[in-house]
Amino acid sequence: MAKEKYTMIHCNPFLLFDGNCAEAMTFYHSCLGGELSLSKLADTPMKDMFSPEKHERIINAKLKSGTLEIAATDWMASPAFLPVRGNMSAIFIIGEGYDALKEVFDKLSRDCEKERFQDLHDLPFGIYGQFYDRYGVQWIFKGDKRK
(Lines give C-alpha, C1' and ligand atoms only; values in the text may rest on other atoms or scores of the structure.)
Protein backbone atom coordinates (compact mmCIF):
# COMPACT_ATOMS: atom_id res chain seq x y z
CA MET A 1 0.00 0.00 0.00
CA ALA A 2 1.35 3.44 -0.93
CA LYS A 3 2.22 5.84 1.85
CA GLU A 4 -0.18 8.79 2.15
CA LYS A 5 1.39 11.98 0.83
CA TYR A 6 0.03 14.47 3.36
CA THR A 7 0.32 12.60 6.66
CA MET A 8 1.31 15.76 8.59
CA ILE A 9 -1.85 17.65 7.61
CA HIS A 10 -5.29 17.31 9.18
CA CYS A 11 -8.65 19.03 8.83
CA ASN A 12 -11.13 20.45 11.37
CA PRO A 13 -14.26 22.58 11.23
CA PHE A 14 -13.60 26.30 11.69
CA LEU A 15 -16.41 28.58 12.84
CA LEU A 16 -16.58 32.38 12.65
CA PHE A 17 -18.79 34.39 15.00
CA ASP A 18 -19.73 38.06 15.16
CA GLY A 19 -18.70 38.92 18.71
CA ASN A 20 -20.21 35.91 20.48
CA CYS A 21 -17.47 33.32 19.91
CA ALA A 22 -16.75 32.90 23.65
CA GLU A 23 -20.45 32.38 24.39
CA ALA A 24 -20.93 29.85 21.58
CA MET A 25 -17.76 27.88 22.31
CA THR A 26 -18.59 27.81 26.04
CA PHE A 27 -22.00 26.38 25.12
CA TYR A 28 -20.41 23.72 22.88
CA HIS A 29 -17.99 22.90 25.70
CA SER A 30 -20.90 22.41 28.11
CA CYS A 31 -22.48 19.99 25.61
CA LEU A 32 -19.38 18.11 24.45
CA GLY A 33 -17.00 18.32 27.43
CA GLY A 34 -13.27 18.26 26.82
CA GLU A 35 -10.86 21.19 26.98
CA LEU A 36 -11.67 24.72 25.82
CA SER A 37 -9.12 27.47 25.26
CA LEU A 38 -10.09 31.07 24.43
CA SER A 39 -7.65 33.85 23.50
CA LYS A 40 -8.72 37.48 23.27
CA LEU A 41 -7.13 39.63 20.60
CA ALA A 42 -5.98 42.06 23.32
CA ASP A 43 -3.81 39.31 24.83
CA THR A 44 -1.85 38.65 21.63
CA PRO A 45 0.92 40.43 19.72
CA MET A 46 -1.61 40.85 16.87
CA LYS A 47 -3.70 43.46 18.74
CA ASP A 48 -1.86 46.35 17.06
CA MET A 49 -3.02 45.06 13.67
CA PHE A 50 -6.67 45.83 14.58
CA SER A 51 -8.69 48.75 15.91
CA PRO A 52 -9.20 48.91 19.73
CA GLU A 53 -12.92 48.08 19.48
CA LYS A 54 -11.94 44.56 18.34
CA HIS A 55 -9.50 43.90 21.19
CA GLU A 56 -12.05 42.09 23.38
CA ARG A 57 -13.04 39.72 20.59
CA ILE A 58 -11.80 36.12 20.53
CA ILE A 59 -8.96 35.66 18.04
CA ASN A 60 -8.49 31.95 18.71
CA ALA A 61 -10.79 29.38 20.31
CA LYS A 62 -10.22 25.66 20.37
CA LEU A 63 -12.41 22.92 21.78
CA LYS A 64 -10.93 19.43 21.96
CA SER A 65 -13.03 16.53 23.18
CA GLY A 66 -11.67 13.09 22.35
CA THR A 67 -11.03 13.06 18.60
CA LEU A 68 -13.35 16.02 18.01
CA GLU A 69 -11.69 19.42 17.53
CA ILE A 70 -13.49 22.65 16.70
CA ALA A 71 -11.60 25.87 16.03
CA ALA A 72 -13.27 29.28 16.01
CA THR A 73 -12.78 33.03 16.07
CA ASP A 74 -14.78 36.23 16.17
CA TRP A 75 -15.11 38.00 12.84
CA MET A 76 -12.25 40.47 12.38
CA ALA A 77 -12.71 41.50 8.74
CA SER A 78 -15.58 44.00 9.13
CA PRO A 79 -16.34 46.53 7.89
CA ALA A 80 -14.52 45.43 4.70
CA PHE A 81 -16.29 42.05 4.69
CA LEU A 82 -19.41 41.52 6.75
CA PRO A 83 -20.35 38.20 8.32
CA VAL A 84 -23.22 36.55 6.49
CA ARG A 85 -24.64 33.10 7.14
CA GLY A 86 -22.81 30.91 4.68
CA ASN A 87 -19.43 32.62 5.01
CA MET A 88 -19.11 31.94 8.74
CA SER A 89 -17.65 28.45 8.45
CA ALA A 90 -14.60 27.09 6.71
CA ILE A 91 -12.47 24.04 6.17
CA PHE A 92 -9.50 24.45 8.51
CA ILE A 93 -6.27 22.82 7.34
CA ILE A 94 -3.55 22.43 9.95
CA GLY A 95 -0.04 21.30 9.11
CA GLU A 96 3.39 21.12 10.60
CA GLY A 97 5.57 22.20 7.70
CA TYR A 98 5.36 25.13 5.31
CA ASP A 99 6.27 23.13 2.20
CA ALA A 100 3.46 20.56 2.55
CA LEU A 101 0.92 23.29 3.37
CA LYS A 102 2.08 25.44 0.46
CA GLU A 103 1.68 22.61 -2.03
CA VAL A 104 -1.92 21.92 -0.98
CA PHE A 105 -2.69 25.65 -0.62
CA ASP A 106 -1.50 26.38 -4.16
CA LYS A 107 -3.50 23.52 -5.68
CA LEU A 108 -6.76 24.40 -3.89
CA SER A 109 -6.45 28.15 -4.45
CA ARG A 110 -6.06 27.87 -8.23
CA ASP A 111 -8.75 30.10 -9.83
CA CYS A 112 -9.95 31.22 -6.38
CA GLU A 113 -11.69 34.49 -5.54
CA LYS A 114 -8.95 37.15 -5.39
CA GLU A 115 -10.75 39.80 -3.34
CA ARG A 116 -10.33 37.99 0.00
CA PHE A 117 -7.24 35.93 -0.85
CA GLN A 118 -4.43 35.88 1.73
CA ASP A 119 -1.37 33.93 0.63
CA LEU A 120 0.46 31.89 3.26
CA HIS A 121 2.40 34.30 5.44
CA ASP A 122 4.04 34.48 8.85
CA LEU A 123 2.10 35.75 11.87
CA PRO A 124 3.09 35.68 15.55
CA PHE A 125 1.40 32.28 16.05
CA GLY A 126 2.75 30.66 12.87
CA ILE A 127 1.91 30.39 9.20
CA TYR A 128 -1.54 31.57 8.05
CA GLY A 129 -3.44 31.92 4.79
CA GLN A 130 -7.02 31.82 3.55
CA PHE A 131 -9.18 31.99 0.44
CA TYR A 132 -12.57 31.13 -1.07
CA ASP A 133 -12.10 28.51 -3.75
CA ARG A 134 -13.68 28.57 -7.21
CA TYR A 135 -16.77 26.89 -5.71
CA GLY A 136 -17.25 29.45 -2.92
CA VAL A 137 -15.87 27.23 -0.13
CA GLN A 138 -13.69 29.02 2.42
CA TRP A 139 -10.36 27.42 3.30
CA ILE A 140 -8.18 28.53 6.22
CA PHE A 141 -4.62 27.22 6.59
CA LYS A 142 -2.49 27.31 9.75
CA GLY A 143 0.96 25.90 10.30
CA ASP A 144 3.74 25.89 12.82
CA LYS A 145 6.17 28.82 12.83
CA ARG A 146 8.93 28.51 10.27
CA LYS A 147 12.30 27.72 11.78
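- With sequence neighbours excluded, no residue forms a ring-ring contact (aromatic ring centres under 6.0 Å, His included) with Phe27.
- Cation-pi geometry between Lys54 and Phe50 is not met at under 6.0 angstrom from the ring centre and within 45 degrees of the axis.
- Ion pairing between a basic and an acidic side chain is recognised when a charged N comes within 4.0 Å of a carboxylate O; Asp133 and Lys107 show no such pairing.
- No donor-acceptor pair under 3.5 Å is formed between the side chain of Thr73 and the backbone N or O of Ala61.
- Proximity of a side-chain donor or acceptor of His121 to a complementary backbone N or O of Ile127 within less than 3.5 Å is not detected.
- Under the 4.5 Å side-chain criterion, counting only non-hydrogen atoms from C-beta, Val104 is in contact with Phe141.
- Counting only residues at least two apart or on different chains, the salt bridge (charged side-chain N to carboxylate O under 4.0 Å, His left out) pairs with a member in residues 116-125 are Lys102-Asp119, Glu113-Arg116, Asp122-Arg146.
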Under 3.5 Å, which donor-acceptor pairs do the side chains of residues 34-46 form with other protein atoms, sequence neighbours left out?
{"from": "Lys40", "atom 1": "NZ", "to": "Glu56", "atom 2": "OE1", "distance (Å)": "2.8"}
{"from": "Thr44", "atom 1": "OG1", "to": "Leu41", "atom 2": "O", "distance (Å)": "2.9"}
{"from": "Thr44", "atom 1": "OG1", "to": "Met46", "atom 2": "N", "distance (Å)": "3.2"}

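- The OG atom of Ser109 lies 4.5 Å from the CZ atom of Phe117; values are rounded to the nearest 0.5 Å.
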How far apart are the C-alpha atoms of Ile59 and Phe125, what are their side-chain angles, what is the distance that settles it, and do they pass the side chain to side chain contact (heavy atoms under 4.5 Å, CB included) test? CA-CA 11 Å; Ile59 189 72; Phe125 60 79; 5.9 Å; no

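- In this structure, Asp74 contributes its side chain and Arg57 its backbone to no donor-acceptor pair below 3.5 Å.
- To the nearest 0.5 angstrom, Lys64 atom NZ is 8.5 Å from Asn12 atom CG.
- In Glu23, the CD atom is not crowded: 12 or fewer heavy atoms of neighbouring residues, nucleotides or ligands sit closer than 6.0 Å.
- The distance from the CD1 atom of Ile70 to the CE atom of Met25 is 5.5 Å, given to the nearest 0.5 Å.
- Trp139 and Phe131 have parallel rings, their planes meeting at less than 30° on a 0 to 90° scale where 60° marks the start of perpendicular.
- Under a 3.5 Å cut-off, the side chain of His55 and the backbone N or O of Lys47 do form a donor-acceptor pair.
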